[in-house]
Amino acid sequence: MHFNELNPPERLLLGPGPSNVNPRVLKALSSPLVGYMDPFYLKVMDETKDLLKYVFKTKNEFTFPIPGSGMAGMEAALCNVIEIGDEVLVCVNGFFGERMNELVLRIGGIPIRIDAGWGKIITNESVEEALKESNAKAIAIVHGETSTGIQQPIKELSKLAKSYDALLIVDAVTSLGGCKLDIDAWGIDICYSGTQKCLNCPPGLAPITLSNNALYAIQNRKTKIQSFYLDLQLINKYWTEERVYHHTGPISMTYALREALRIIHEEGIENRLIRHSRNSQAFIKGIEAMGLEMHAQENYRLPSLNTVVIPKGITDVNVRRMLFDCFNLEIGGGLGMLKGKIWRVGLMGRNSTEKNVILLLEALERTLRKEGYHKSNSGVGAAIDFYDST
Ligand code: PLP
């Protein structure tokens, strides 16, 4: 048998994640390994923690990346807090809200669902009503719903959670590093993310942060956490002065994450958010000029993940295949009930650029024309006008 040397194609990843990785991050990944208790690595861990606190906007000491993709973050957030029989308000307005519901069930909690349409936000009123009628230990909600492109307002929800003594657990897998998110100012108790979206790192780590209230709830559990691997208190002992072995640290991935976060720090998180917002707005102007519609509710759109309604008569896969084959460019199709109905366009981290917006609009215009969609004004022109006027 003969196996060729690995030679992956270089694509432009404008889907729901992963996004493209900076060569600096790839270089960090290939740096020499040291032991997981090597003083060099312990310093890298400390710096990674500080950089994560900067990006999460938190003073929480309990902030670190855990091994595993975003789902590890979701599972850790839920299984550390919830005990069998605990009621949890689960906000479901998309695929990842459904996932949270599924996890709460598996952990043995009692999910109380608050449903909204896929593409709409969860209202404060619906949460307050559910809080009044339940004895919820926590509220679980997705900040950036990657399946719909909705950016959920969190600040007011957090006040509600506090007044009913419930913890607020927030999924920021698609929002961290690309959308406004302020753990301390908004009063979020547990927030987790993934490395492969707006942080532009390969998938494999899940940054997580916990407030003192969350920690207090975990320390006062009546039963042991079922998962050993995701036991955050045990993991924390490796990330603090105690340096107690829990698992072999994912050394190369921590190097990579540190470099990805260092790049964010160099740009400045506020500048980065403005950039994401501007490029998303330009993309939307282009889409609307072409006579296409956005899927997510206006004023609540995620700048990092833009959802476009597929026009009547156009076949989802034909367009995505043409973008892939002719332009070497990946966008995402719909998930779950939105399969075949929307496209998901990620403008995440370093992929959120004027050049990529123009390139994608141009590619989409040409592709749709080939597929028989002729209603369009120039999307590219509208985006350029937007850039020139702002
Ligand atoms: N939550 C959200 C909002 C996501 O978009 C995703 C993945 O796309 C996840 C959780 C799960 O993350 P992962 O696929 O990295 O495990």
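Just follow the structure's listing: the first ligand is 1, and inside any ligand the first atom is 1. Please read all numbers here as calculations on a predicted model, not as lab measurements.
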Quiz item: Cluster question for you: counting only ILVMFWY and a side-chain heavy-atom cut-off of under 4.5 Å, with indirect links fine, are Ile82 and Val90 together?
Solution: yes
Closest approach of any protein heavy atom to [atom], naming residue and atom:
atom                    : result
atom 8 (O) of ligand 1  : Lys197 NZ, 2.6 Å
atom 16 (O) of ligand 1 : Ser69 OG, 2.6 Å
atom 6 (C) of ligand 1  : Phe96 CE2, 3.2 Å

Exercise. Determine whether the side chain, the backbone, both or neither of Glu145 has a heavy atom under 4.0 Å from any heavy atom of ligand 1.
Key: neither
Exercise. Would you please test Asn60 and Thr209 for side-chain hydrogen bond (donor to acceptor under 3.5 Å, both in side chains) and show each step?
Key: CA-CA 7 Å; Asn60 289 341; Thr209 184; 3.0 Å; yes
Quiz item: Looking at ligand 1, does Pro203 have a heavy atom less than 4.0 Å from it?
Solution: no
Quiz item: What about Met71: any of its N or O atoms under 3.5 Å from an N or O on ligand 1?
Solution: yes
Quiz item: Does Glu156 pair with Lys159 as a salt bridge, N-O distance under 4.0 Å?
Solution: yes
Quiz item: Salt bridge or not for Asp50 and Arg258, using N-O below 4.0 Å?
Solution: no
Practice problem: Using a strict 4.0 Å cut-off to heavy atoms of Gly144, name the atoms of ligand 1 that fall inside it. | Solution: 3 (C)
Quiz item: At a 4.0 Å threshold, what atoms of ligand 1 neighbour a non-hydrogen atom of Gln196?
Solution: 13 (P), 15 (O)
Quiz item: More than 12 non-hydrogen atoms from neighbouring residues, nucleotides or ligands closer than 6.0 Å to CG on Asn212, yes or no?
Solution: no
Quiz item: Are the side chain of Asp316 and the backbone N or O of Ile342 linked by a donor-acceptor pair below 3.5 Å?
Solution: no
Quiz item: Quick one: do the Asn351 and Ser19 side chains pair a donor with an acceptor below 3.5 Å?
Solution: no
Quiz item: Which is closest to atom 10 (C) of ligand 1 in terms of heavy atoms, Thr146, Val142, Thr174, Asp171?
Solution: Asp171
